Protein chains: 2
Amino acid sequence: MKVTIYDVAKKAGVSIATVSKVINNTGNMRDSTRTKVMKVMEELNYYPSVMASALTGKRTQTLGLLVPDISNPFFSEMARTIEDRAHERGLSVIMCSTDEDEDKEKKYLELLRRKQVDGFIIASSFHDKKLLQDLKSTQIPMVMLTQDAGSLGVTSVSVDDFTGGYDATSHLLSLGHQKIVIIAEERLSSKMRIYGFQEAYETHGYEYHSDMVLRTTASIANGKKCLEQMLNRDELPSAIFACNDLIAIGVIQGARENGIRIPEDLSIVGFDNTILATTTVPSLTTVAQPINEMGRKVVDVIVDNINNEEPTTERILFKPTLMVRNTSARNQYVNKKMV
Amino acid sequence: MKVTIYDVAKKAGVSIATVSKVINNTGNMRDSTRTKVMKVMEELNYYPSVMASALTGKRTQTLGLLVPDISNPFFSEMARTIEDRAHERGLSVIMCSTDEDEDKEKKYLELLRRKQVDGFIIASSFHDKKLLQDLKSTQIPMVMLTQDAGSLGVTSVSVDDFTGGYDATSHLLSLGHQKIVIIAEERLSSKMRIYGFQEAYETHGYEYHSDMVLRTTASIANGKKCLEQMLNRDELPSAIFACNDLIAIGVIQGARENGIRIPEDLSIVGFDNTILATTTVPSLTTVAQPINEMGRKVVDVIVDNINNEEPTTERILFKPTLMVRNTSARNQYVNKKMV
DNA sequence: ATGAAAGCGCTAACAA
DNA sequence: TTGTTAGCGCTTTCAT
């Protein structure tokens, strides 16, 4: 059977209170006692039960991480740094991929609450804002990741999506592209990128039309689909700004299959700078999010929230960096004109 | 404060025992009672504590997943299917990336035991076999994933690595390559792939030398390093079989940077068939592991183990599939001879 | 059909 | 310095 604190106490000839003290390294006692107890714990291969200790009001030492899809490299890279930092801070993490599905959001949130996680890191956008509101009212620490909390009044760690969108678009615009399509997701972060897109258009003195925006969800297949859709409608622009690398890769693949040369016929800029951006050919021009710093920061913030009474409501914005690689080039049409 | 079973009982005007029964859907009681209690639970927003219930001998309903690195697409794709299936079966999963580091292996194993996970899925290879032996002796259900349990006598879910190695090598050999280098990891699965490699050599009537084997750990950077190392020593073969896609991609990148054409000058075969295999150019010839089926199966096996007294010890082997794409081609040298 | 009470493994006063 | 004891929120016999 499982070794309990009683077994240790008995074998060490002390009370369970004493054992508890050595486990938690609290209280005073003779050195010899501490040593003896530790020795017995060792011998018995004793592991204190986190369950039991959590039940007495201590923490469960686990974090809930909600992401849209852990198999999306952006989130798996993020998860990795979160996991590492969490472990450094003494916490484990339970992962949940919501697919941004309303039922799963609810289900996983409830599940994690039942498991009494010490805090939530929410990188998945919620359809039902009320769920988040409810969660907030429970006082369980929570931090939004990759999406500004905005109205919710909750701490968030994200990249400056507006600027990212602006930079990507400016890059394309200054390359002579005038007809650019932005492929966005249905999330707040995409919305901000669209605003950045719009702002860049206006700054450069061009006119922005809302029909430059295409919506989809993050996957290679969907990126390809968008490209084909444009092709069928004979509306292919000279450049595409995809709101994440997965979609961008899909566009690249679709282009290749249809004999469209990149970047000669079509320029593409992605977002995230995942591993995929460097392994594709041509390598992908994309907006980098500082994944490691963000992952580390989000854990530090949630740990602070767990340890302090007062929840913070700061909105932490990281700086995006445009990584110019090989899928973006000067608009041929403009070139010809100039020649 | 947190809503407990007592709050529900009080408000519903029943005892906690009754509430417990409706939670677990056990025992008999008047329909009206059950309904009333459920209504109160709803109103109070009551979530039974998994902690407390686990303490009374029930399960924690969580699985521990040990992988080398969750940001490796192979493992993140695997984690995704595991997570999904686990949730379907009512379990959550705590992820731990060990980096195949001896200290982390030990630390995470202990951590997960303290958290009383119901079972372990171990996809990370352990340096210290004794840890695994100890774990096994605790009777906590465990399943090895992507590595045959072999001597341990524990259930395992893996791909037939020997055949995978054999197929990849045969493919290359029959393409006229005689000098092939295999880049392997320090894991059991790699070892089996090497044996498959060796077997293919022998079957095809060629001579196998142990200096055809290079060792490294899974990363793009390491793959590139291996390529450069061969280059420096002027020992570049006409084909390389990398034991996973990450390494293969690194080799491709290294080759490109050094002006080596793929597949004209160098053929490459990877292993795993991750998302990377399709996004690189040329697309990667690789040995596919049925990730989804494996992930699903491993959860089903562990759940069975949790529910039954008797631990199983079956070794489940999935069939690998060679995906011939564009990084492997006929050896030029042989071609010329034939012409 | 319902409830009282013991106990799961641990923590934290409070006593001794 | 060490031990006693009352919970923590729940399950589960065993009474009623």
Side-chain angles (χ1 to χ4, degrees), chain A residues 1-38 40-41 44-62 110-118 138 140, chain B residues 1-38 40-41 44-62 110-118 138 140:
Chain A
M1 250 325 282
K2 212 181 158 334
V3 182
T4 75
I5 199 172
Y6 290 96
D7 302 318
V8 177
K10 196 162 168 191
K11 179 148 182 195
V14 297
S15 75
I16 59 165
T18 303
V19 178
S20 177
K21 279 168 197 153
V22 354
I23 292 171
N24 298 291
N25 205 19
T26 55
N28 302 314
M29 74 185 61
R30 212 174 289 148
D31 255 9
S32 62
T33 310
R34 191 179 296 279
T35 314
K36 183 178 53 185
V37 172
M38 294 209 298
V40 173
M41 296 198 304
L44 257 36
N45 233 287
Y46 168 71
Y47 296 103
S49 158
V50 176
M51 298 281 114
S53 115
L55 199 54
T56 73
K58 295 213 136 185
R59 319 243 83 111
T60 53
Q61 311 189 67
T62 112
E110 178 176 327
L111 185 69
L112 292 170
R113 285 185 59 182
R114 290 177 25 120
K115 299 226 165 153
Q116 243 113 283
V117 294
D118 295 337
T138 64
I140 304 172
Chain B
M1 251 324 282
K2 212 181 159 334
V3 182
T4 74
I5 198 172
Y6 289 95
D7 302 317
V8 176
K10 196 158 164 199
K11 178 147 183 196
V14 297
S15 74
I16 60 165
T18 304
V19 178
S20 178
K21 277 167 199 152
V22 354
I23 292 171
N24 298 291
N25 207 16
T26 55
N28 301 315
M29 76 185 61
R30 211 172 293 148
D31 254 9
S32 61
T33 310
R34 191 179 296 278
T35 313
K36 181 177 54 183
V37 171
M38 296 209 297
V40 173
M41 297 200 301
L44 258 34
N45 232 287
Y46 168 71
Y47 296 102
S49 158
V50 176
M51 299 280 112
S53 111
L55 198 55
T56 71
K58 296 212 136 182
R59 319 244 84 111
T60 54
Q61 312 189 70
T62 113
E110 179 177 325
L111 185 69
L112 292 170
R113 285 186 58 182
R114 290 178 23 120
K115 299 225 165 157
Q116 244 114 281
V117 295
D118 296 337
T138 64
I140 303 172

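Remember, predicted model here, so these are calculated numbers, not experimental data. The sequence lines fix the lettering, A, B, ..., with proteins before strands; numbering per chain opens at 1.
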Are any of the side-chain heavy atoms of [X] and [Y] separated by less than 4.5 Å?
X	Y	answer
B/Val37	B/Lys21	no
A/Val8	A/Leu44	yes
A/Lys115	B/Thr62	yes

Distance, rounded to the nearest Å, where [X] contributes [atom1] and [N] contributes [atom2]:
X	N	atom1	atom2	result
A/Ile5	D/dG3	CD1	P	12 Å
A/Asp7	C/dC8	CG	P	11 Å
A/Met29	C/dA16	CE	P	20 Å
B/Lys2	D/dC8	NZ	P	13 Å
B/Leu55	D/dT11	CG	P	11 Å
A/Asp31	D/dT2	CG	C1'	15 Å
B/Arg114	C/dG9	CZ	P	15 Å
B/Lys58	D/dT13	NZ	C1'	14 Å

Can you check whether A/Gln116's main-chain N or O pairs, donor with acceptor, with A/Thr60's side chain at less than 3.5 Å? yes
From D/dG9, D/dT11, D/dC8, pick the nucleotide closest to the side chain of B/Ser49? D/dG9
Select from B/Tyr47 and A/Arg34 the residue whose nearest nucleotide in DNA chain D is closer to the 5' end of that strand. A/Arg34
5' priority, DNA chain D, between A/Ser32 and A/Tyr6 [closest heavy atom]: A/Ser32
Please determine whether side chain to side chain contact (heavy atoms under 4.5 Å, CB included) holds for the pair B/Met41 and B/Val22, giving the CA-CA distance in whole Å, both sets of side-chain angles, and the decisive distance to 0.1 Å. CA-CA 10 Å; B/Met41 297 200 301; B/Val22 354; 3.7 Å; yes
Residues of residues 12-26 of chain A with any non-hydrogen atom less than 4.0 angstrom from an atom of DNA chain C: list those, numerically ordered, please. A/Ile16, A/Ala17, A/Ser20, A/Asn24
Would you find more than 12 non-hydrogen atoms of other residues, nucleotides or ligands less than 6.0 Å from A/Lys11 atom NZ? yes
Whichever of B/Thr33 and A/Ala52 has its nearest DNA chain C nucleotide further upstream toward 5': B/Thr33
Heavy-atom closest contact (B/Thr138 atom, B/Arg113 atom, distance): CG2-NH2, 3.4 Å
